[in-house]
Amino acid sequence: MADYTFETVTHSGYRWIVPAPEPWGAAAEGISKAWAAAANAYRGTHELASTEPIPGDALRFHVRDDAIVIEYTTEE
């Protein structure tokens with residue numbers, strides 16, 4: 001019997017970066033387009049129909065100094 005096992009897990013991150021320069025920030029249109037693209041990509045990756053909801057914690061929004069980043073990750 002083995003004393004231990006080993007596995008390698010690969011994570012892939014997918015990011016949509018919306019410029020948000022000061023003093024104006026990001027436009028709602030840019031965020032909306034990136035959000036829709038991220039949602040569509042998430043659905044494609046997870047084989048969800050366009051009518052199926054995306055889990056509430058699937059897409060994450062991060063604030064950088066000069067951008068808003070929308071991302072999700074997968075594990076292989």
Side-chain angles (χ1 to χ4, degrees):
M1 179 186 327
D3 292 333
Y4 64 89
T5 61
F6 174 82
E7 67 182 355
T8 299
V9 178
T10 303
H11 295 265
S12 296
Y14 303 89
R15 295 181 180 145
W16 289 260
I17 301 167
V18 182
E22 291 297 335
W24 300 285
E29 180 181 16
I31 292 172
S32 179
K33 287 179 180 179
W35 192 347
N40 286 336
Y42 183 89
R43 283 190 174 96
T45 298
H46 296 283
E47 298 178 353
L48 296 174
S50 63
T51 56
E52 290 183 76
I54 292 174
D57 63 346
L59 298 176
R60 298 291 177 155
F61 288 70
H62 301 275
V63 178
R64 292 186 181 170
D65 287 342
D66 59 353
I68 306 253
V69 180
I70 304 169
E71 81 171 337
Y72 72 89
T73 59
T74 60
E75 186 176 291
E76 298 170 11

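If you're wondering where the values come from, they're calculated on a predicted model, not measured in any experiment.
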Backbone N or O of E52 within a donor-acceptor pair of the R43 side chain at under 3.5 Å? yes
Rounded to the nearest 0.5 Å, how far does CD1 of I31 lie from CD1 of I68? 4.5 Å
Would you give the length of the straight line joining atom OG1 of T8 to atom CD of E76, rounded to the nearest 0.5 angstrom? 12.0 Å
Working to the nearest 0.5 angstrom, can you tell me the gap between T45 OG1 and N40 CG? 10.5 Å
Would you say the side chain of T74 lies within less than 4.5 Å of the side chain of Y14, judging by non-hydrogen atoms? yes
Flag if over 12 foreign heavy atoms under 6.0 Å of CD, E75: yes
What closest approach, in Å, do W35 and I70 show between heavy atoms, and which atom pair accounts for it? N-CD1, 3.6 Å
Testing the basics here: between V18 and A26, what is the closest heavy-atom pair and its distance to 0.1 Å? CG1-CB, 4.0 Å
Under a 4.5 Å side-chain heavy-atom rule over Ile, Leu, Val, Met, Phe, Trp and Tyr, are V69 and L59 clustered together? no
Which atom of A39 lies closest to which atom of I54, heavy atoms considered: CB-CD1, 3.5 Å
So W16 and Y72, side-chain contact (heavy atoms from CB on, under 4.5 Å) or not? Walk me through it. CA-CA 9 Å; W16 289 260; Y72 72 89; 3.6 Å; yes
